[in-house]
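The sequence lines fix the lettering, A, B, ..., with proteins before strands; numbering per chain opens at 1.
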Amino acid sequence: MDNSRKIKRREFINKGVRLGIGVGLGALAIDLSTRSAEGKTIWQIDPSKCVQCDKCSTDCVLDTSAVKCIHVTDMCGYCDLCSGYLRTGTKNLNTAAENRQCPTGAIVRKFVEEPFFEYTIVEELCNGCAKCVKSCGAFGNGSLQLQIQQNLCVNCNQCSIARVCPGQAISRVDRSTPYLLKGFGGKS
Amino acid sequence: MKQKVIIVFAVSLLLFTVYLIARDLFRHPASVTQANCCGDDYTELKKFDTTLVGYSKAGIIETSLKGLTGIAVDQNNEIYVCGNKIVAVFDSAGVLDRSFVIDTTASCIALGEKWIYVGMGPAVSRFDMAGKKEESWDPYNSEGYITSIAVNGPYVYLADAVSKRILKYSGDGHLEKVIGEKDSTTGSPGFIIPSMYFDIAFGAFNDLWAVNPGRLQVENYTTSGYMQSEWGKASFEDGGFTGCCNPAHIALLPDGKFVTYEKGLDKIKVFDPTGEFVCMVAGAGSFKGNTDFQLGNNNLVKDIATGNDGRIYVLDAYNQIVIFKMKD
Amino acid sequence: MKHKAQLIMLIVVISLITYNVLAQQIQRFPKPEFESGYQTPLTQVSKIQPVFFEYLDMFVLVGCMALMTWLVLKKRSRKAVFWLTVFSLLYFGFYREGCICPVGSVQNISMAIFNPGYVVPLTAIVFFIVPIIFTLFFGRTFCAGVCPLGAIQDLFAVRPVSLKPWIRYVLGLIPVIYLGLAVLFSATGTDFIVCRYDPFISFFRINGSSLMFFLGAALLLTGIFIARPYCRFFCPYGVILNFISRFSRKHVSITPSTCINCKLCENACPYDAIDKPEGLSVKNDNRELVKKLIIYCLITPALVVVTGWTASKYHEDFAEVNFKVRLAHELTTTGTDANPADIPTEVTTFRSSGQPLEALRKEVDKIIHRFNIGSWIVGGFLGLIIGLTLARLTIYRYKDDYQPNRGNCLSCARCVDYCPVGKEINNEMQIVELKKYD
């Protein structure tokens with residue numbers, strides 16, 4: 001008799017706690033999911049905060065970083081002496097290998113017509129080191145920008161590059177604006 | 001016994017992982033600095049031989065205005081600045097004389113005998129000396145962008161960076177000539193304008209000097225559009241211009257010499273009329289601001305102008321006017 | 001009709017004017033004049049991954065949870081649980097590379113509660129709530145084999161040793177601290193430490209830093225002897241499930257009906273989660289135990305204050321993990337006339353961004369204050385758990401059969417195979433499963 005009463009009391013407490021936890025969780029879920037309707041769920045770099053520090057190439061959890069340099073062709077001047085392609089301060093102004101900015105050779109230069117050249121980036125070779133971004137931004141138009149390629153990014157809960165970025169340039173963005181390119185689409 | 005050894009070993013391994021996590025979490029690695037980071041060091045390129053400096057700072061005027069983009073100096077050494085919806089005039093002592101409001105942001109300013117010409121987007125507007133708007137001229141190209149204005153007698157020349165042409169207007173707003181089309185008869189190679197920097201100025205012999213930034217040279221045109229000469233070369237030496245589009249701004253001194261501003265390395269140099277390097281005026285260290293990193297458009301100098309006393313007036317990115325005079 | 005036309009004209013004119021004004025304010029780049037008719041290529045960006053996979057994850061989670069619960073509670077088949085464990089490891093672990101997982105979702109939820117501006121992804125909410133709901137009703141079936149971290153450890157528990165209770169209680173404080181720190185760091189928007197030190201993700205991605213690989217290898221090696229070390233002595237989500245499981249409506253039981261005290265299951269559990277029967281003889285020391293209970297109940301508040309105060313002593317060290325706090329610190333210690341080559345990159349970036357130092361300092365003060373309060377709470381929570389554990393040890397509950405400990409049992413169903421109730425014993429003295437028993 002004593003035991004069965006104890007068991008009934010325990011069952012009652014258990015039921016009460018279950019109800020309490022259930023209601024609490026329900027309220028929490030509803031509150032948070034109304035917020036989650038906005039869906040800022042993918043990572044992206046803001047080029048206006050990027051300082052081209054090279055951590056993008058070393059800190060991504062993937063072997064080859066998901067951060068790649070993107071060429072915003074609308075902004076490019078198609079210059080012969082492209083500062084993103086050629087290193088600055090070199091003795092001779094030619095396109096010899098030691099005078100090129102990109103350490104992996106990911107920027108390809110093609111002659112269009114006098115004096116314009118087209119520059120394209122081979123994505124497989126780009127490692128996200130931002131050397132070209134820095135010099136294009138400093139001496140040129142800034143048409144080379146680092147961005148997280150969304151088809152490569154595994155969308156970690158906490159971006160490990162975002163944690164160490166000196167300019168705090170990486171943050172979550174909405175799926176409808178997966179890329180934040182400066183000067184592209186009318187943004188200055 | 002064996003059981004105990006295993007337990008001790010396993011628990012120690014577990015506690016060791018706790019220690020490793022705690023150590024990684026609370027010990028912070030040394031920060032990345034410029035010294036141990038990557039890429040070319042532009043601070044070295046921005047330096048120059050101080051024995052080459054021929055000018056010294058004569059003064060700084062704090063305008064307390066915001067968003068200034070252009071500067072011009074008249075014969076009385078009054079300084080006109082234009083910017084975000086404002087044109088202001090300072091006297092040579094740096095005191096604000098007068099100012100007036102304009103509709104939009106001005107991109108450049110030039111002074112005629114009786115008029116102030118302010119470039120606003122694709123068109124130019126003319127104001128009288130009191131600030132009353134006299135008229136706005138129709139733009140040559142509705143998508144154009146006027147980056148520089150030069151006045152010669154009754155004619156007004158506009159440099160349109162988008163159209164890549166210099167437009168010659170008469171005093172009544174009538175477009176007389178379009179200069180700068182690539183044409184073998186005029187000798188013009190065509191203007192290569194990779195970014196919105198396209199500066200023009202008038203020389204002592206009534207000849208029009210225009211920067212061809214994509215070719216890194218300064219070209220000389222007659223008022224009817226024939227190219228007579230050019231100077232300038234691409235080089236990292238003092239006598240050349242760096243980057244893709246330089247010099248970003250030029251101004252002419254009364255003796256015919258050129259003052260050039262090179263963006264990127266932020267160097268102001270003086271060249272003689274044949275294109276020979278004369279001396280340095282100032283470098284990045286003389287101006288407020290840090291351009292080691294790309295955080296937006298961060299050229300330290302917005303525009304330059306010269307006075308008829310040979311002084312150089314520099315409008316910097318922090319809305320200050322820095323005045324240089326020749327060293328004795 | 002006329003008015004409508006006029007209105008439309010007005011709208012058209014206004015939109016043209018606004019377009020013009022806007023066009024002037026945008027900085028454009030003059031396109032080169034190409035004579036050869038060259039067309040500038042469009043900027044190439046890759047497409048974002050379809051959101052389908054995130055929804056698929058949620059469905060698979062619910063499906064696996066339901067299946068696992070049924071296998072553990074109704075079907076009672078260790079073999080089936082094993083194969084579902086393998087599937088979970090392959091799907092949630094190697095295929096989805098272990099992210100997002102419920103263990104990490106605690107941080108997302110905690111960050112959302114304390115930062116109104118933060119938006120939690122729907123998957124994080126689902127991954128947090130679904131295992132808790134199932135645990136509330138059926139016990140820790142999530143831990144059984146749906147969690148990829150648990151799955152990989154479960155497969156490595158080949159030579160488990162039994163740990164003495166006091167060792168288990170002491171080591172069991174580590175996940176409490178871990179939970180506290182995880183909530184503290186995520187609530188202040190500092191870091192997701194659970195994700196950062198996820199030991200097995202380097203194996204799932206086959207990629208990672210040497211620290212990550214070492215953590216994983218060390219825990220798997222430990223896991224050969226101390227079964228499921230991360231689950232029992234690290235997992236912050238496990239603290240929550242442990243608590244909730246105690247109130248579960250149904251729970252896995254070793255026997256399908258009544259326990260016959262044959263003691264065959266005594267050493268069945270690699271996780272020391274089976275409670276043995278407590279004899280009546282112990283009941284005589286009731287008064288002593290009541291005295292001890294009262295003492296522990298009185299000590300607990302003092303303990304809470306002591307641990308809370310101790311933790312708050314370190315609140316500045318905790319705060320240093322936050323980027324902004326470190327930045328403010330560096331800005332104070334780095335003078336403006338230092339050699340430019342030796343100034344940390346963050347400092348130069350901040351100084352050239354034009355942001356006022358005072359605003360940063362104010363924000364950092366707020367963050368440090370939050371860390372102070374948070375440290376008190378985390379320390380106090382630890383003290384509370386210690387006090388309650390001590391108090392609970394004195395509570396005597398008469399038990400006459402073998403039951404899984406509701407809090408610690410991970411519902412792996414290993415013990416089920418050991419129980420002979422409802423099964424036949426064949427000639428070789430082996431327990432054979434009866435096909436039809438209910």
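- Only the side chain of C/Phe323 comes within less than 4.5 Å of a heavy atom in chain A; its backbone stays farther off.
- The contact between C/Lys47 and chain A is made entirely by backbone atoms, counting heavy-atom distances below 4.5 Å.
- The greatest number of non-hydrogen atom pairs below 4.5 Å with chain A, out of C/Pro116, C/Ser105, C/Ser202, C/Gly208, is found for C/Pro116.
- Contact of C/Gln49 with chain A is made through backbone and side chain together, with heavy-atom distances under 4.5 Å.
- Using a 4.5 Å cut-off between heavy atoms, C/Ile100 touches chain A through its side chain atoms alone.
- Interface remark: of the candidates C/Leu136, C/Ile129, C/Asn108, C/Leu136 forms the most heavy-atom pairs closer than 4.5 Å to chain A.
- Under a 3.5 Å cut-off, the side chain of A/Trp43 and the backbone N or O of A/Val154 do not form any donor-acceptor pair.
- Among C/Cys99, C/Ala112, C/Cys195, C/Ala124, the residue with the largest count of heavy-atom pairs under 4.5 Å with chain A is C/Ala112.
- Looking at A/Val17, the atoms closer than 4.5 Å to chain C (heavy atoms on both sides) all sit in the side chain, from C-beta outward.
- Dense packing is recorded around OH of C/Tyr38, with more than 12 heavy atoms of other residues, nucleotides or ligands lying under 6.0 Å away.
- Checked by atom type, the side-chain pair A/Ser65/A/Ser57 shows no donor-acceptor distance below 3.5 Å.
- With a threshold of 4.5 angstrom between heavy atoms, A/Ile70 approaches chain C through side-chain atoms but not through N, CA, C or O.
- Within 6.0 Å of atom CZ in A/Phe111, more than 12 heavy atoms from other residues, nucleotides or ligands are found, so the atom counts as buried in its surroundings.
- Taking chain C as the reference chain and counting heavy-atom pairs below 4.5 Å, the highest number among A/Asn14, A/Asn157, A/Leu62 is found for A/Asn157.
- Heavy-atom distances place no part of C/Ser209 under 4.5 Å from chain A, backbone and side chain included.
- In terms of heavy-atom pairs under 4.5 angstrom with chain A, the leader among C/Val126, C/Ile201, C/Leu42, C/Val51 is C/Val51.
- A/Ser176 and A/Asp174 form a side-chain donor-acceptor contact under 3.5 Å, judged by distance and modelled atom types alone.
- Using a 4.5 Å cut-off between heavy atoms, A/Glu113 touches chain C through its side chain atoms alone.
- For a residue to count as touching a neighbouring chain, one of its non-hydrogen atoms must lie under 4.5 Å from one of that chain's; by this rule C/Val347 does not touch chain A.
- With a 4.5 angstrom heavy-atom cutoff, A/Thr73 touches chain C via backbone and side-chain atoms both.
- For the set C/Gln44, C/Met212, C/Arg249, the count of heavy-atom pairs under 4.5 angstrom toward chain A peaks at C/Arg249.
- With no hydrogens or angles considered, a side-chain donor-acceptor pair links C/Arg246 and C/Asn242 at under 3.5 Å.
- Using a 4.5 Å cut-off between heavy atoms, A/Ile121 makes no contact with chain C at all.
- When ring centroids are compared, A/Tyr85 and A/Tyr119 come within the 6.0 Å threshold.
- Ring centroids of C/Phe192 and C/Phe185 are separated by 6.0 Å or more, keeping the two rings apart.
- Among pairs with a residue in residues 182-197 of chain C, those fulfilling salt bridge (charged side-chain N to carboxylate O under 4.0 Å, His left out) read A/Arg163-C/Asp191, B/Asp24-C/Arg196, C/Asp191-C/Arg196, at least two apart in sequence or across chains.
- In this structure, no portion of C/Thr123 lies under 4.5 Å from any heavy atom of chain A.
- Atom CZ of A/Arg109 has more than 12 heavy atoms from other residues, nucleotides or ligands within 6.0 Å.
- With respect to chain C, the highest number of heavy-atom pairs below 4.5 Å among A/Glu118, A/Arg172, A/Arg18, A/Gln150 belongs to A/Arg18.
- Taking the centre of each ring, C/Phe243 and C/Phe247 come in below the 6.0 Å mark.
- For a residue to count as touching a neighbouring chain, one of its non-hydrogen atoms must lie under 4.5 Å from one of that chain's; by this rule C/Glu54 touches chain A with the side chain only.
- There is no contact between C/Ile206 and chain A, counting heavy-atom distances below 4.5 Å.
- Aromatic rings from C/Tyr95 and C/Phe204 are positioned such that their centres are separated by 6.0 Å or more.
- Checked by atom type, the side-chain pair A/Tyr179/C/Ser46 shows a donor-acceptor distance below 3.5 Å.
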